[in-house]
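One structure is given here, and the rest of the page talks about it.
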Amino acid sequence: MQSLTATWHVVEHIYNRLTKVNPDLSVDLELAESVDISEDGLTYTFKLHPATFHNGRALVAGDVVFSFNRLVAPETAAPAAADLASMASVEATDDSTVVITLNQPDASFLTMLSNQSCIIIPQEVVEENGDLSQVAVGSGPFKFVEYVPNTHIKLEKNADYWEANVPLLDGLELLIASEDNSRTAALISGTVDFIEYVPSQDIPILEADESIVLAGNTIQQIRMIGFNLDREPFNILEVRQAVAMAVDRDQIIENALSGIGTPTDTLFAADFWAGLGEREIAPPDIEGARALLAEAGYSDGFDTTLTGWAEYGYLADSAIVVQEQLKQIGINAELNLLDSGSMGQVVYIDKDFDMTVTGDSGFVDPNGLISNNFRTGEGGNFVNYSNPEVDELIAQGIAVTDQAERAAIYQQIAEILLVDLPWVSLYIGQQYEAMKNFVQGYEHIPTGSNISVRQVWLDT
Amino acid sequence: MDQDAGGLVPDQFTTGSDTVTDAGRLSPLAASLVRQPRRTSAWRVVVRQRLALTGIVLVVFFGIVALIGPYVAPHGKTEQFSGARLQPPSRTFLMGTDEFGRDVFSRLLFGARISFQVGLIVVGVSASIGILLGIVAGYRGGWTDNIISLISDIIFAFPAVLLAIAVITMLGNNLTNAILAISLVYIPPFVRIVRGSTLTVRNTAYVEAARAVGVSTPRMLARHIFPNITAPLIVQASIAFALAILSEAALAFLGLGNKAPEPSWGSMVSGSYGYLQLSAWPAIVPGLAIALTVLGFNLLGDGLRDALDPRLRNA
């Protein structure tokens, strides 16, 4: 398990959210028993399941109000506050009814509520401890037992869980193994029964092992080269176009992903409803790229830096391939591979980089990816992209609810981004979980979410 | 060189003695302190031992590789060949290719230079500092000795790689800082050895004599003490060289020091060991190179120790 995603999955096991995402990417209710959306799309009325927190107190509508208000409160400074950007107010009309009013219709609102940030937390526990960094009391299928930093997290079954017939396991022990090989080795040797983020070079090895089953496929993700648009020379369109022309996506997928991935030059997979569909990707054109660089005044190329993730092997390797490919057009990029903490700080907060090989994943609604990465001034907009036309389209995209209409808007945005090139899309990866064959009932969810662990049982 | 002659018939070697190194120069300690009925050249003692000879051959071989490697490498050190990933050795790729389709042989040649650079700089830096501190501590004694020995013991108490990781974390992760960190780690052994030898030499009659005629301290250390403590130093230097190469490889394996995609032997192993089941070449080749180089320096060190230690001279 990667250390960054470990947090996410622990959150999923311990807490509940109002909605959840199914393996087919449809949005479903979790803690909410029913939802009633007003004609104008501005009022959402949720009825809650009768649930109990791990400390024994019943979960009431007031907890939802507290949780959501805390998330958006400026003093919380939550990076994910944008998830509830369209929420105007939230109130509890009785113990099991929550009414949320939006400031504008938002077609992606129910999807946004399935994000990990929108978990329901008990007010008294937050107040007692200041925050939830040291304690974890939720209403989810598993209770927190202990956390040993960089080693493991222990969870036990919540015997009073409100959903019928789950969880089936008595407990979970999540081992933290950020090193690719150690995960595969741990599964093969039987130290663990389940691993996530199966390293792509190990897929053939695990497939050949009869005691192991793989689950997974394409994932809702995109990997790309992001440019710092505030810095020379990447503020020049021709330079970005030259980079786009020089990259050989097939070689990146071959070398960094052992061939397991789909090249793309746009945002979404070909079969995703909001995407541009099947596209012909132009093969690399080194001469053309050199000509563009010369046009921009860099006929001899230039020196720059390329920042990337050291702890995600495939992303580090992608950066190594990109660096080598850019040498062909005279761009000498010094490679800085950073640990995940530094990467978050340097690229996403300080924006102190020239080029980066990074990615985004886990989105269900296209708005999740597009507004976060491309809206002017948005927290996730690490490339400093700003285009009023795109901002306007993003607003339109959530204002209409008809999927065909929305698709047209997102396709328009994707076309604009192909012209502006704030980033060069590289590939959509595949993500696999692997487990021993006695692990039953697991379903891969393309967002990377692991909530189906609660339906898992062991057939031993 | 006739190996079977062994140490039993030293006379056999006298004919060639003029062409080889003069015994007094390589082994001043032995030459000046110990009077032996029949002197044998230290060089010849080394060569006579089969293991030591193996060490010399390995060291010289990899030294030459490091020197000329980059000029004779058939491919670029980071050049990626499309569709040629994880290939077994062939005529184009003598030792196969790694997970990026890069030529393992070329990377090995370039990597040798990094390893030897690390070895040379680390030994240079840690030996100079260690000698200076050790000789002052040993000669002056008293509180000077106490303080130097204390600091050196504190550094010595840390596990080498752990200390190096801490230093690199503080200074920033690059090869220069890794070399600095490894140098720091290997200062204490030099301090100890030099201090110990200085203590022995300090009270000899010729030092007393020099002091009696009013030789200044710096001159005393440089001209009378230092030349007489070089024997154990040479041994320590060759061992430190091996350890430095090994430490660099270990740090590179952990992702510290050498930066991807530059080919240091340690990072070559680190990058490719995840592909062992698909192709063992890219991890095993640099691994062997590290092992053989370190073995070479260790054997050389052992040989030198045997040769320079008067008690073992005629054994």
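Chain identifiers are assigned alphabetically (A, B, ...) following the order of the sequence lines, protein sequences preceding nucleic acid strands; residue numbering begins at 1 within each chain. Keep in mind that what you see is a predicted model, and the values were worked out from it rather than measured.
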Which atoms of A/Leu335 come close to chain B, meaning under 4.5 Å heavy atom to heavy atom: side chain ones, backbone ones, both, or neither? both

Identify which part of A/Leu337 has an atom lying under 4.5 Å from any heavy atom of chain B, answering side chain, backbone, both or neither. side chain

Atom OH of A/Tyr348: over 12 foreign heavy atoms under 6.0 Å: yes

From A/Lys327, A/Glu324, A/Gln325, residue fulfilling side chain to side chain contact (heavy atoms under 4.5 Å, CB included) relative to B/Gln80: A/Glu324

Between A/Gln201 and B/Glu99, is the side chain to side chain contact (heavy atoms under 4.5 Å, CB included) condition met? List the steps. CA-CA 10 Å; A/Gln201 71 267 22; B/Glu99 69 278 14; over 6 Å; no

Heavy atoms under 4.5 Å from chain A: which residues of residues 261-280 of chain B carry them? B/Pro261, B/Tyr273, B/Gly274, B/Tyr275, B/Gln277, B/Leu278

Determine which residues belonging to residues 240-250 of chain A lie within contact range of chain B, meaning some heavy atom pair is under 4.5 Å apart, and list them by number or answer 'none'. A/Asp248

Closest contact, heavy atoms only, B/Arg102 versus A/Ile320: NH1-CG2, 3.8 Å

Per-residue contact mode, A/Asn181 against chain B (heavy atom under 4.5 angstrom): side chain

Find the one option among A/Ala316, A/Ser258, A/Ala319, A/Ala256 whose heavy-atom pairs under 4.5 Å with chain B are most numerous. A/Ser258

